[in-house]
Amino acid sequence: MQYVSTRNKNQKCSAAQAIAQGLALDGGLLTPEVLPKLSPNGLKTMTDMSYQQRAVFVMGSYLDDFTASELSAYATRAYGPDKFDTKAVAPVRQLDDKTYCLELWHGPTCAFKDMALQMLPHLLSASLSKNEEQKTVCILVATSGDTGKAALEGFKDVDRTRILVFYPKDGVSDIQQLQMQTQEGENVGVCAVVGNFDDAQTGVKRLFSDAALRDTLAGRGYFFSSANSINWGRILPQIVYYISAYCDLLKEGKVQKGDPINVCVPTGNFGNILSAYYAKQMGVPIHKLICASNQNNVLTDFIKTGVYDRNRPFYNTMSPSMDILISSNLERMLFEFTERDDVAVKEYMSALATEGRYEVSEKVKKQLDKNFAAGCCGDAETQAMIAKIWKEKNYLIDTHTAVAFHVLEEYRRETGDDTPTVVVSTASPFKFCDNVLGALGVTDLAAGTDILDQLSKVTGEPVPAPLANLKGKEIRFQQVTEKENMSDRVLEMLQ
Ligand SMILES: *Cc1c(COP(=O)(O)O)cnc(C)c1O
């Protein structure tokens with residue numbers, strides 16, 4: 001199967017090229033030329049499979065330049081018991097007769113980014129071999145928290161890869177900083193940047209476009225790439241868990257073949273919910289994709305009106321992984337809803353770049369209406385929902401997942417739609433102890449890693465092992481750099 005750019009359908013490449021390259025040369029996003037369909041019995045065939053086998057089955061239909069035995073080896077390593085603390089990998093938990101929670105935080109960094117970032121390094125490393133690339137890839141990441149740690153864990157000690165992560169010195173939580181400073185692996189590097197996330201991100205962008213640096217590193221056998229969620233290798237592993245969730249519901253007899261479900265997804269860059277759309281196109285009977293946003297509600301407005309307008313204030317919220325005003329993966333959705341009109345997509349994206357705004361055609365609006373619902377909420381409602389779910393269901397959720405539950409409640413009240421719904425849970429509540437404890441009415445918060453035990457004590461829930469283990473871990477990376485000197489740090493780390 002070939003991959004095409006969302007901005008030029010005639011620009012094609014193989015899956016291995018798409019994964020190695022990340023972005024199309026014209027700035028568009030690389031997308032499968034056709035979306036494969038599951039066979040009529042496909043879902044049934046998968047119900048008795050393990051998560052790893054389901055991953056091979058689904059990913060194989062998009063990656064014909066990879067063999068089943070290659071994919072099987074990657075799935076075993078990516079989703080094995082040394083990485084995930086439950087055999088189910090992505091378990092579905094029932095909360096009431098029409099509400100389910102898909103827990104995507106059982107991996108090594110306790111956030112849903114692990115689902116893709118445990119798989120991507122294997123796909124990337126193999127893609128380099130397939131493309132006969134001689135050099136070692138160096139993944140550069142600027143992170144506001146979750147992505148950096150998940151990428152470090154995914155790429156650690158993977159052949160022919162190096163990974164360097166830059167985070168804003170005062171822009172991540174104590175736990176997030178400790179997670180990165182204690183990172184293990186021979187091919188990893190971590191450095192704090194004086195400044196905020198924008199400083200780190202702008203600095204990394206400058207590294208990518210620094211021709212002199214690129215030449216020096218090419219001489220040492222390295223080239224740069226990105227593990228950002230626009231890479232197809234991050235979207236594909238996410239399609240798997242939506243299909244897997246439906247198979248689990250079938251297996252448990254909670255739905256019968258063909259019964260519709262809704263999914264409700266806490267959304268930032270639009271990668272997760274886009275994967276749900278692809279699962280729907282493949283044949284999972286998803287009725288509505290419910291897009292949940294925090295106070296940064298640019299997507300809520302877009303889905304309701306067809307106008308995307310990023311000219312608005314930016315808020316720092318309690319669900320920081322959703323604090324985003326430009327949702328990059330929406331471009332792939334526009335490509336589908338315009339019936340793959342690459343010229344229209346290019347125009348929308350250029351209006352976004354120049355004016356920060358675009359309005360889609362009536363045809364696209366109709367598709368948005370048919371497939372999506374949307375809602376948003378603020379921090380107070382987020383915390384109220386954590387308290388409510390804890391009290392009523394004895395189930396502890398994090399701030400991002402709480403946004404989704406709030407939006408689902410509102411959606412049900414407004415529409416009366418009582419289709420069984422899978423709410424996607426994207427992080428362990430232990431990653432956001434302070435705001436979760438606050439929601440439960442605790443005001444006197446413990447310092448440092450003691451806050452993990454505090455949340456455990458208040459709720460009786462165990463601290464996930466990867467977070468509990470932080471305590472005894474050796475700190476390996478304490479370097480801090482000015483943003484002007486980031487290229488020196490890269491040259492030191494890539495000797
Ligand atoms: C990244 C992230 C999200 C947003 O996912 P997108 O694919 O960017 O929409 C939501 N919740 C958590 C905890 C995340 O880390």
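For ligands, and for the atoms within them, numbers begin at 1 and follow the listed sequence. Bear in mind the structure is a predicted one, so any value in this text is a computation, not a measurement.
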**Request:** Show which atoms of ligand 1 fall inside a sub-4.0 Å distance from at least one heavy-atom site of Asn272.
**Result:** 7 (O)
Which side-chain N or O atoms in residues 387-395 pair as donor and acceptor under 3.5 Å with protein atoms at least two apart or in another chain?
residue, atom, partner, partner atom, Å
Lys388, NZ, Glu409, OE2, 2.5
Lys393, NZ, Asp96, OD2, 3.3
Tyr395, OH, Glu103, OE2, 2.5

**Request:** For ligand 1, indicate whether the residue Phe270 contacts it via side chain, backbone, both or neither (heavy-atom separation under 4.0 Å).
**Result:** backbone
**Cationic N near anionic O, under 4.0 Å, Lys98 to Asp417** = no
**Asked** Does Arg77 pair with Asp82 as a salt bridge, N-O distance under 4.0 Å?
**Response** no
**Request:** Could you tell me whether Asp398 and ligand 1 have an N or O pair separated by under 3.5 Å?
**Result:** no
**Nearest protein heavy atom with distance in Å, relative to atom 1 (C) of ligand 1** = Lys113 NZ, 1.4 Å
**Min heavy-atom dist Ala111 to ligand 1 below 4.0 Å** = no
**Message:** Please determine whether a side-chain nitrogen of the Lys or Arg among Glu336 and Arg340 lies less than 4.0 Å from a carboxylate oxygen of the Asp or Glu.
**Reply:** yes
**Asked** Just distances here: any N/O of Ala427 and N/O of ligand 1 closer than 3.5 Å?
**Response** no
**Asked** Which residue owns the protein heavy atom closest to atom 13 (C) of ligand 1, what's the atom, and how far is it?
**Response** Thr426 OG1, 3.4 Å
**Protein residue, atom and distance nearest to atom 6 (P) of ligand 1, heavy-atom basis** = Asn269 N, 3.5 Å
**Request:** Describe, in one word, how the ring planes of Tyr348 and Tyr358 are oriented to each other, choosing from parallel (under 30°), tilted (30 to 60°) and perpendicular (over 60°).
**Result:** parallel
**Asked** Numbering the atoms of ligand 1 from 1, which are under 4.0 Å from a heavy atom of Phe112?
**Response** 1 (C), 2 (C), 3 (C), 5 (O), 7 (O), 14 (C)
**Prompt:** Under 3.5 Å, is there a donor-acceptor pair between the side chain of Asn371 and the main chain of Gln367?
**Reply:** yes
**Message:** Any nitrogen or oxygen of Thr267, side chain or backbone, less than 3.5 Å from one on ligand 1?
**Reply:** no
**Prompt:** Is the gap between the ring centers of His400 and Phe112 under 6.0 Å?
**Reply:** no
**Message:** Between the side chains of Arg312 and Asp301, is the shortest nitrogen-to-carboxylate-oxygen separation below 4.0 Å, so that they form an ion pair?
**Reply:** yes
**Message:** Considering both backbone and side-chain atoms of Gly271, is one of its nitrogen or oxygen atoms within less than 3.5 Å of a nitrogen or oxygen in ligand 1?
**Reply:** yes
